[in-house]
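Note sheet for the following structure.
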Amino acid sequence: MKPLAEEVAKKRIAWRIAQEFNKTESPLFINLGVGIPTMVADYITNNQVFLQAENGMLGLGPAASEEKKDRMLINAGRIPITETPGCSFFDSCTSFGMIRGGHVDATVIGAFEVDGEGNVANWIIPNGKQLGVGGAMDLVAGARQVYISMTHCTKQGKPKMIETCTLPITGHGEVDFVVTELAFFRFEKGRLLLEEIAPEVTLEELKTMTLAPFSRSQNFRVMPVPG
Amino acid sequence: MKPLAEEVAKKRIAWRIAQEFNKTESPLFINLGVGIPTMVADYITNNQVFLQAENGMLGLGPAASEEKKDRMLINAGRIPITETPGCSFFDSCTSFGMIRGGHVDATVIGAFEVDGEGNVANWIIPNGKQLGVGGAMDLVAGARQVYISMTHCTKQGKPKMIETCTLPITGHGEVDFVVTELAFFRFEKGRLLLEEIAPEVTLEELKTMTLAPFSRSQNFRVMPVPG
Amino acid sequence: MDAAKNCRKLKAIDEAIGMIKKGSRVLIGGFGNAGDPKKLIEGLCISGTDELVVMSNDLGSPNEGLGKLLSNNQVRGLIGTYYNWNPEVAMAYNEGKIFVELVPQGTFAEAVRAAGVGIPAFYTLSGVGTEIAKGKEEKTFGEKTYLLQEALKADVALIKAHKADVLGNLVYYKTARNFNPVMAMAADLVIAEVDELVPGGELDPESIVTPHIFVDVLVLGGGDR
Amino acid sequence: MDAAKNCRKLKAIDEAIGMIKKGSRVLIGGFGNAGDPKKLIEGLCISGTDELVVMSNDLGSPNEGLGKLLSNNQVRGLIGTYYNWNPEVAMAYNEGKIFVELVPQGTFAEAVRAAGVGIPAFYTLSGVGTEIAKGKEEKTFGEKTYLLQEALKADVALIKAHKADVLGNLVYYKTARNFNPVMAMAADLVIAEVDELVPGGELDPESIVTPHIFVDVLVLGGGDR
């Protein structure tokens, strides 16, 4: 297979995760990280899905247009956003209370590495150039479900799903789902299951690009992709 | 000396404590318990004194008149009260956060017994007829200063200031001031000091009615009483 | 009423009460008859659901409000702070009919919040050196000794708010607020009785006290204030 | 302006900043340049007060906002969550110029609140099994292991609010609220920069976020939003 263009890959990942949330019949509360996770919002069509931002807001609307930008109304990635009817503001402590208390149904985050034990590394590459953990550890430990959204391999073609994380981890065994442009994985009782595979990739090809051991789910199928 | 009439004694105690608060030049935040403590409010003349109620209000006004009574606007003794400009409402958790966090400058509470080590017993008489602790332990442990307001002896003439509390204590070594109709005491580094004595009582008489050992303060004087 | 039609969380009182199982741990808001969810308490009494562990500040008055749950023999135990307003509690306890766990009021409020915000336990100075400290772990920070208090989590919370919007955002009324906002965070199922239901977007986003993420079911109360 | 005349807590920026001593632990509100007290930070930079331990979510951008305190060599150490927006932090840390204590953002917010409400320490799941857990006490509740986090108390808090009344009650503006209300509880001296000062009684008692008991000094900011 030929690798997908990066923008196509990212959109596919965001779209696929959004479909999971769009299925809900009751209110669903989601926290979206920076990068691909933010793009998930573009594909939410169910009005029972509500977005939470850890800097203190529930009910985020889309990014603000240039003339509506308000520097005091931003998401956790510092992007000016908008309000929705019924939104609310609260302090950081209450916000992380929601997260740590298990009230936020899911968080979608990016990752450098995910391993076969459900560990995720997404907060630091130890090269001395960055110092920051932010809300990643709280989100991974607190949200009911953790979705990892990432391209399957690095730009250099190195698999991101590996046997054991080499980078400092963000959370221990906290990952529930991994969605890449090539596949949809689920962790069940510590085992990694392949739920879906993208139309243009074979199982053999996927295995060469996935160093974390996995088995096929009973419901294994071809991954739906945006039309 | 002849014992004072109970109402006179109570008013004197409340008035004397109020004079301490009326001296303040900066905002002072006070929590008043049930009974004599509530009466302290009647003698506050300084507008920098603000009352806090642990059921979730800052800036309590006087008790509500019959036609202004609102059963949803009460103090911690379930008495309908009124608002003052700049008052605010908050939940019980925030309210006790103020108290435990040392933001409330003083609490005035009643007591069954106070002993020479600054212990106070005011929450239960173990006779099986009552079960309740309320906010007493939080107030005693959290408020910066603890004022005990009580008649000097029981109705049967038994001293309430004793060597060691016989009733279950509310807090260990937490008392700062004891104000009765006969005297004003202060604890300093675990020692009980007599600051003031009422005009109609001699030191000898006071000693017979006070079983907790005390010494006279350097500033010892006759206790001011309401005119 | 338009708001009611658009509110997916709105249920009839008996339907809401029907969601509470025998033996549940139930947080109930209110302080001294202000801010208790009166219609829900009435409904719970009528339902006869028993073996309940009631977690509340007080237990109303004898055979009145929450007190009625006790008279009805629906209570297995109490976790709370102040039962002096209802002497039947001490009687039932002395007779061995119920268990009672007394918690200082500030510790109670904080332990309920802790359950709601994913804190399993915290340390507090309240009650150190008293009977309340018996059997509790202690730890020293700086020069002082503190007690370990574990979070108080519940199956259900019955709370009272003043207004809800159709999503379930809540605001409260004066000192009827008390324990309600913290209890709203600390149970698997949160049922809020409200005086009034308003359309979405009508509550000021800066003034919402309980965001709708915490609220599962709404019922209309009598506006009893 | 009438409200200003009646406000005992109102001070000029330099007078307020003059209250901060060398070597202080200073909590500073804001998240990603929203809700940081810009005039107070400017004043602190001008004052040259140094050896500061800055406790904040981030440190602005290089030589901008809070970042300027670092360029000015006024910082002895940082306690906070996210310095990726200001690469000068990692450089100063690598050169041994400053100490940095990284705390997960939710743990940081809760630890600041804890200091404000008299909780010396609490347990949390955030960071268990990670580098952040190194050197921290662990304890098991139920089936899970948690980390002990001690309260983060400060000498001074510099916060930003939208409006204050003359007593010092505060309300905030949208996501500029963030850490400010918790920081307002957790320092011996709390200085709030506000966009607007209003007469007493003008803020709705139900909507006040920070009651005036927590606020010592008010300064007027630029209304920079």
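Residue numbers begin at 1 in each chain, while the letters A, B, ... track the order of the sequences. Computed from a predicted structure; not experimentally measured.
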Whatever's closer than 4.5 Å to a heavy atom in chain C on A:Gln52 counts as neither
Output for pair (C:Phe214 CZ, A:Leu58 CG), nearest 0.5 Å, gives 8.5 Å
Chain A shares the most heavy-atom pairs under 4.5 Å, among C:Ala186, C:Ala151, C:Gly116, C:Pro205, with C:Pro205
Around atom CD of A:Glu163, are there more than 12 heavy atoms of other residues, nucleotides or ligands at under 6.0 Å?
no
Taken to the nearest 0.5 Å, the spacing of C:Arg113 CZ from A:Cys93 SG works out to 5.0 Å
key: Neighbour count above 12 (heavy atom, 6.0 Å) for C:Lys22 NZ   = no
Any chance NZ of A:Lys11 has more than 12 other-residue heavy atoms, nucleotides or ligands included, within less than 6.0 Å?
-> no
Among A:Gly59, A:Pro85, A:Pro27, A:Cys87, the residue with the most heavy-atom pairs under 4.5 Å to chain C is A:Cys87
Value for CE (A:Met98) from CD1 (C:Ile213), rounded to nearest 0.5 Å, stands at 5.0 Å
A:Glu25 and C:Arg8 have their tightest heavy-atom pair at O-NH1, 3.3 Å
Applying a strict 4.5 Å limit to non-hydrogen atoms, the region of C:Leu203 in contact with chain A is neither
Is there a side-chain contact between A:Phe50 and C:Leu167 (heavy atoms, below 4.5 Å)? yes
Worksheet item: With a 4.5 Å limit on heavy-atom distance, are the side chains of C:His212 and A:Phe29 in contact?
Response: yes
What one should report as the nearest heavy-atom pair of C:Met185 and A:His103 is O-CE1, 3.0 Å
Does C:Lys163 NZ have over 12 foreign heavy atoms under 6.0 Å away? no
